[in-house]
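Data block below; observations after.
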Amino acid sequence: MKKVLVTGGTQGVGLETVKLLLGQGYEVHITYRRSAGKAEELMRENPGRLFAYKLDQGKLEEIENADFLTEHEWYGVIFNAALGSGTVKDYAEQGDPLKAANDVAMMTVNALGPLWIYKKIQPVIEAKTEKTKLIFISSVGGGIACFPKFTLSDGMSKCAVAYLARQLAAENTHTPIDVFCISPGAIETPMFYSSTLKDMTPEERAAFDAAQAKKRLIQPSEIAFWLGELLRDESTLMHGANIDATMGLGVRPGIQTEAGLEHN
């Protein structure tokens, strides 16, 4: 049974990906930071097929001591765990005038965390002769396009993830390791709800949705579907790609500010 690791597998895109992969017959391993209850529930519901590990990828020592990362010959690793502009406030101590704690958290969790996890598993996956699929999740902000007023360190960290994926792809054009990055637009996840949606009135939410590409938010299950496709053997053709998964926002980033304009 092929083993896949999904970081941040207890909610949003991670959880939908876990459900999909279990349905496709993979043995799924997940990490979580605070969602112990959900992780335990998933293990109870999927005995012998799902395994969960507490891991704060913003803490180097936890990754260094995470022996489970090197105890398995991963078929796939999906680097999903990340902070957003809303959730970072629950992670970093607040109060400094430059909000530097938020910046440090963004860069550490979103960019250095995946780098450190990769370094930890690198000897294991490089020793394999079979395929390994590494899939990084970035964002339209930083990974594909730039947006005014977007939190700078958020975009910078997502840009770093997209760069890491391209660099690793360049280093593995002659190995069995396939590397991809997928950069979604706005997804209707708990993270996005916390940072953007929770204080909107129904009217504001309707206007917000109408301003999005295709006039709606992306659903976590839609991103999960494509993550599953990238685990297929045939995805090798996409090695090195940073996939724009934004329904058009990435090629027309101004669409939200154009929403009130009349079109000829």
Side-chain angles (χ1 to χ4, degrees), residues 5-9 11-14 17 30-34 53 55-66 69 74 76-94 96 98-122 125 133-147 150-172 177 179-187 189 191-192 194-195 223 227 230 240-246 250:
L5 172 65
V6 181
T7 65
Q11 63 179 332
V13 170
T17 302
I30 66 172
T31 68
Y32 66 93
R33 184 170 69 91
R34 295 192 303 181
Y53 313 89
L55 180 69
D56 183 343
Q57 70 179 37
K59 295 181 178 177
L60 175 59
E61 64 275 14
E62 290 197 17
I63 295 174
E64 289 176 329
N65 295 324
L69 290 172
W74 304 113
V77 180
I78 298 175
F79 297 83
N80 167 67
L83 295 173
S85 56
T87 55
V88 70
K89 297 172 185 176
D90 297 327
Y91 189 92
E93 185 175 346
Q94 301 298 295
D96 62 286
L98 296 182
K99 297 184 179 179
N102 287 359
D103 298 334
V104 171
M106 288 280 198
M107 298 302 293
T108 304
V109 175
N110 293 353
L112 292 178
L115 172 63
W116 293 335
I117 290 173
Y118 169 75
K119 285 184 172 182
K120 179 78 173 179
I121 67 173
Q122 183 179 5
I125 63 175
K133 306 282 188 176
L134 302 180
I135 308 173
F136 294 86
I137 300 181
S138 179
S139 169
V140 61
I144 297 291
C146 298
F147 296 87
F150 195 75
T151 302
L152 295 176
S153 54
D154 193 352
M156 291 169 67
S157 67
K158 302 299 174 50
C159 183
V161 170
Y163 170 81
L164 175 60
R166 288 183 62 83
Q167 181 68 28
L168 295 183
E171 294 177 0
N172 285 285
I177 301 171
V179 187
F180 319 94
C181 183
I182 186 166
S183 293
I187 311 173
T189 63
M191 178 188 295
F192 192 66
S194 172
S195 66
I223 300 301
L227 294 173
L230 289 174
N242 181 9
I243 300 167
D244 181 341
T246 68

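These numbers come from the heavy atoms of this one structure, side chains and all, not from hydrogens, waters or symmetry mates.
Among residues at least two apart or in separate chains, salt bridge (Lys or Arg N to Asp or Glu O under 4.0 Å) pairs with a member in residues 158-172 are Asp154-Lys158.
The line from CG of Asn65 to NZ of Lys59 is 12.5 Å long, rounded to the nearest 0.5 Å. Atom CD1 of Ile30 is separated from atom OG1 of Thr17 by 11.5 Å, given to the nearest 0.5 angstrom. Atoms CG and OG1, from Leu55 and Thr31 in turn, are 5.5 Å apart once rounded to the nearest 0.5 Å. Note that the OG atom of Ser139 and the CD1 atom of Ile182 stand 11.5 Å from one another [nearest 0.5 Å]. Atom CG of Leu168 and atom CZ of Phe180 lie 12.5 Å apart (nearest 0.5 Å).
Nearest approach of Ala111 to Ala160, heavy atoms of both residues: CB-CB, 3.8 Å. Across all non-hydrogen atoms, the minimal contact from Ser157 to Asn110 is OG-ND2, 3.1 Å. Considering all non-hydrogen atoms of both residues, Ser85 and Val88 come closest at O-CG1, 3.5 Å. Across every non-hydrogen atom of Gly143 and Ala162, the tightest pair is CA-CB, 4.2 Å. When all heavy atoms are compared, the tightest approach of Tyr91 to Gly58 is OH-CA, 3.4 Å.
Panel note: side chain Thr246, backbone Pro184; no donor-acceptor pair is recorded below 3.5 Å. Between the Ser138 side chain and the Val161 main chain, no donor and acceptor come within less than 3.5 Å of each other. With hydrogens and angles ignored, the 3.5 Å screen pairs no side-chain donor or acceptor of Asp56 with any backbone N or O of Arg33.
For Ser183, the side chain to side chain donor-acceptor pair (under 3.5 Å) test picks out Asn242, with sequence neighbours left out.
Contact of the Ile137 side chain with the Val13 side chain is registered, since non-hydrogen atoms from C-beta on lie closer than 4.5 Å. Proximity of Trp116 to Gln57: side-chain heavy atoms (C-beta onward) are nowhere separated by under 4.5 Å. At least one side-chain heavy atom of Tyr118 sits less than 4.5 Å from a side-chain heavy atom of Ile125. In this structure, Leu69 and Leu5 have side chains that are in contact, with non-hydrogen atoms separated by less than 4.5 Å. With a 4.5 Å cut-off on side-chain heavy atoms, Leu227 and Val6 do not count as touching. Residues Phe79 and Leu164 have side chains not in contact (no heavy-atom distance under 4.5 Å, counting atoms from C-beta outward).
Counting non-hydrogen atoms of other residues, nucleotides and ligands closer than 6.0 Å to CZ of Phe147 gives a total above 12. Residue-environment remark: CD (Glu93) stays at or below the threshold of 12 foreign heavy atoms within 6.0 Å.
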Going by atom type alone, with no hydrogens or angles, which donor-acceptor pairs under 3.5 Å involve a side-chain atom of residues 99-107 and a protein atom two or more places apart or on another chain?
unit_1	atom_1	unit_2	atom_2	d
Asn102	OD1	Gln94	NE2	2.7
Asp103	OD1	Ser153	OG	2.8

